[in-house]
Structure formats: structure tokens, C-alpha cells
Amino acid sequence: MLTYIKNIFNDVGDVSLFTIRFFKEVFKPPYEIKEFFKQCYFIGYKSLPLVAITGFIMGLVLTLQSRPTLAEFGAESWLPGMVALSLVKEIAPVITGLICAGKIASGIGAELGSMKVTEQIDAMEVSAINPYKYLVVTRVLAATLMIPLLVVFADGVGIIGGFAGVNIHSDVNMVRYSEQVIKSLDFIDVIPAVIKTFFFGFSIGLVGCYKGFNAANGTESVGKAANSAVVVASLTVFILDMMAVQIVDLFY
Amino acid sequence: MIVQEKNITKKSGESVIDIKGLYKSFGEHNDVLKGVDINVGQGENLVIIGKSGSGKSVTIKCLVGLVEADKGEIKVFGTDITKLNNAELNAIRIRIGFLFQNAALYDSMTVRENLSFPLKRHSKKLSSAEIETAVVEALESVGLEEAIDKMPSELSGGMRKRIGLARTLILNPEIILYDEPTTGLDTITSKEISDLILAIQNKNNTTSIIITHDMACAKLTGDRIMVLKDGVIYAEGTYENLEKSEDEWVRSFFV
């Protein structure tokens, strides 16, 4: 029991040092611009199809599921507004965060884990190249910037999914639907929801890198690194979401 | 106890690597190095042999700061690297080449990118054409210029080792550390790698430490051989001396 508690504190300490190191290294030249854009391409662009499909399904399903309840009150006209609000404020950020925790955190965890096991990280270190800067800073920064973009993209696709859902049972044109969506959304809804996704992105990138970078020796640890990266990153997304909602709730 | 064999020939008097009283343990009951002393002269090839887990790799990893020593002095080019900060250590690391056991090629990069990766970061004034020339030259020196656009996954074990060596050579290191350069290779390829190590040393007058289990490689490349046992240097001498050693355990390596 004592060892267990000691390990938890050790882990918290290690993660904190890892995070502090990120802020120390991120502003220090040389900047690995090329690697950063490469990671943006992998994390952002390569995740577009997955996010598009899940976003569309989220919008469509949410509309279809909510319609009967709203119809009971004769409030079907609220459907576009309600779906847009739910998507933008909560569902798209969290679901996209979870999808990215699965795809990106595990990918980074496995990639860096295998680099660690096959001594590629050591090879960088002995060539006097800072592996933290080249591997970790670029990936964390790319995840921090790309995940908010993916969430905004998921918002858009989800709203289109909602349009498809509305049109299954009734006939609403795009202009009227868009009008209702825009009318229901305030900046106060959109801005905090977008801000929290930067934290989602940061934690997903950081957890993936931390798990990979600290993988033990042996191929088995690569799988473990990828697996625990997904678990911890998904959990972090939920915890951050809860904290963000509480903070926003204090102000508005 | 050190079994000091007679007629040790050192190629040069000037000491490039001087390790004194090196201690390293992993956990409380796992003392790997218990006071290792190693001295390597300019242009000398030192071979370190010993059983698996005797701490050979840990010794050379301490030498480049990959593993932090618990106690002891590690002088490289006259500077004790245990007292250096990261930037100062990196300045020494650039002068040292390290060939890893599995070559440690970067999987996501082509051979060309693997070789130009350290060069681009340390020789910023070089133009793309100059980098390309250096890459081709390094590949020519290991006889693998045709592999320039291949990915590491397309290479055989021997090719990976040679590309790893080319990547090490591209920064013109003064010291090269080889971690089991011939392990996992067939006899002919092992011989090729050993010849390559010797050719590099003759051409650039580099100082080398070669860790190996392959006695053919040790015989061919080593000017001097050290035997590591129980965390200390147990025996030292030339191949011929150690082969005829009075100590049965030392002789058992040469059977």
C-alpha cells in the first residue's frame, strides 16, 4: 500500500517535471519547424476523415434521438438550435477529444515507445540533438493547435449531420436551418468550448509523449505505453472537461 | 584483482579516455560497475569483453552521459564529463560517435535523412549540396551508396549496421564507441564489419572502444583487450597474451 502511494507521488512528480520541461524548451531555439508541420499534418490532416465521420454521426443521431421528445411539446422548431448548442458546447469537444486520445495519444505513445526501446532516442541524445525538443515539443505543440481545429471541424460537420437528421422527418431548407443554428449560438457558448479544447490537445499530446518517452526496455513496454496513453489521455479529457464546465459556470 | 598480461602495446601515449573508479548500480542490490578503470590512448582500439550483463554497455553509456555514473571520474579529451552541464556535454558528444547494438536508425526517415539529420543540426553553414556530398561520401565509405533512398525497414542486419556506422562517421568523430558491432550477423558479414572498423581507424586515426562477444572481431580490431568481470576490469592484455593467460576463466573466452 505504501509503495503504491509512493508510486503515485513519483508519477505525479515525473509528469510535472515533464510538463515544466516542455515550457522551458518550447521558447528556446533552435525551433524544429519542419518536424512541427509534419506532426500537424499527421495529427490534424490525417485525423480529418475520422473526425468527419464521427462528427456527422453525432449530429445526425442527436437530432433523431431528440426529435420525439421535442415533438411531444410541439417544439420541433427548436431542434436545430438545441442540436447545435449541445454539439458546440459539449458533445463535439468531448467526443473529438476522446477520438483523438485513442488515435493520437496511442500513436505517439507507441511511436516514441518503440523509439525508446530501439535506442533511437539514445542515438539522438548521443549525437547532441535534444530528443525532447525534436520529439516531444513538436508533437505536444501540434496536438495543442490541431485538436481545437478538429473540434471546430467536427462542430461544422455535426451541424450538417443535424441538418440531414431534421430533413428525414420534415422539410427544412439549408438557409432556414442555418439561421436557426446561428441564432441559438452566442460567443459565450462558443469561446469557452473552444478554449477548453486547447487544454484537451495539450494533455493528449503530453500524455502520449510522456508514456512513450518513459517506456521501459523491451517490446512489451511499447504496447503498455500505447495502452496507458489512451487510458490516461481519455480520463484527462473528462477531468479537464468537468473543470472547464465548473469554471465557466462560476462566471456565467 | 587485475590479471595484467605482459607486452601490452599501446599505439600512443596521449590518453584520450581516462576512466577512474567508475561505480554504477541500478537499484539497491544491483551493483553493475564496482570501480572500473579504463585508459585509452590516441588512435588505439580497445576491445572490452565479458559475460552478458557484466556492465560493458553501461560503461560506454556512462562515457557519453547516457547513463549517469554514481561515482568516479570519466575524463574524455582531458575533461571530466561527470561535472559538465548539458551544453558542455553536447560539445563533447559531437566529437564522439556511438554505434548502437541494433544500429538505432530512425525508422521514420530514409537512409539519406538518417545521415543528414545530425549534420543539418551541427553544421548549419553547409548548403544542401554540401550535405548531399557528405552523405554520399559517408555511404561510399561503408560501401552502401545504392541504399540512399531506402527506409531502414528495407535493410538487412548487416546493412543497418553499416548505415549506422556511416551516420556515426558523418560528423568526423575523434572517438567511436561500438556496442557489439557484429552481434547477430553471419561470419562473413561480421568479418566485413570488423574490416570496416579497422579501415576507419586507419584512415581517420580514431580512438575506439569496441564491446563485443565475437572473438574474431576482437582479434582483428583490438590493439588491447580488457576483460570485465563482476564490475571490475579482471584482465588486460593483447589478444595473444590473454589467449595464453594462466587464468582459466580468461582463457575460456578464447576457446
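Naming convention: chains lettered A, B, ... in sequence-line order (proteins, then strands); numbering from 1 in each chain. A quick note: this is a predicted structure, and the numbers were derived from the prediction, not measured.
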Please tabulate, for the side chains in residues 136-146 of chain A, all donor-acceptor contacts under 3.5 angstrom to protein atoms that are two or more places apart in sequence or on a different chain.
| residue | atom | partner | partner atom | Å |
| --- | --- | --- | --- | --- |
| A/T138 | OG1 | A/Y134 | O | 2.6 |
| A/T138 | OG1 | A/L135 | O | 3.3 |
| A/R139 | NE | A/E111 | OE1 | 3.3 |
| A/R139 | NH1 | A/E35 | OE2 | 3.3 |
| A/R139 | NH1 | A/L135 | O | 3.1 |
| A/R139 | NH2 | A/E111 | OE1 | 3.2 |
| A/R139 | NH2 | A/E111 | OE2 | 3.0 |
| A/T144 | OG1 | A/V140 | O | 2.5 |

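- With sequence neighbours excluded, no residue forms a side-chain hydrogen bond (donor to acceptor under 3.5 Å, both in side chains) with B/S116.
- Inspection of the B/T221 and B/N45 side chains reveals no N or O donor paired with an N or O acceptor under 3.5 Å.
- Only the side chain of B/F98 comes within contact range of chain A, with heavy atoms under 4.5 Å apart.
- Within 6.0 Å of NZ in A/K89 there are 12 or fewer heavy atoms belonging to other residues, nucleotides or ligands.
- In this structure, a donor-acceptor pair under 3.5 Å is present between the side chains of B/S57 and B/D179.
- For the ring pair (Phe, Tyr, Trp, His ring centres under 6.0 Å) test, no residue two or more places apart in sequence or in another chain qualifies with A/F198.
- By the 4.0 Å N-to-carboxylate-O rule, A/K196 lies close enough to A/D241 to be salt-bridged with it.
- Chain A is approached within less than 4.5 Å, heavy atom to heavy atom, by B/V64, B/L66 from residues 62-81 of chain B, ordered by number.
- Using a 4.5 Å cut-off between heavy atoms, B/L105 touches chain A through its backbone atoms (N, CA, C, O) alone.
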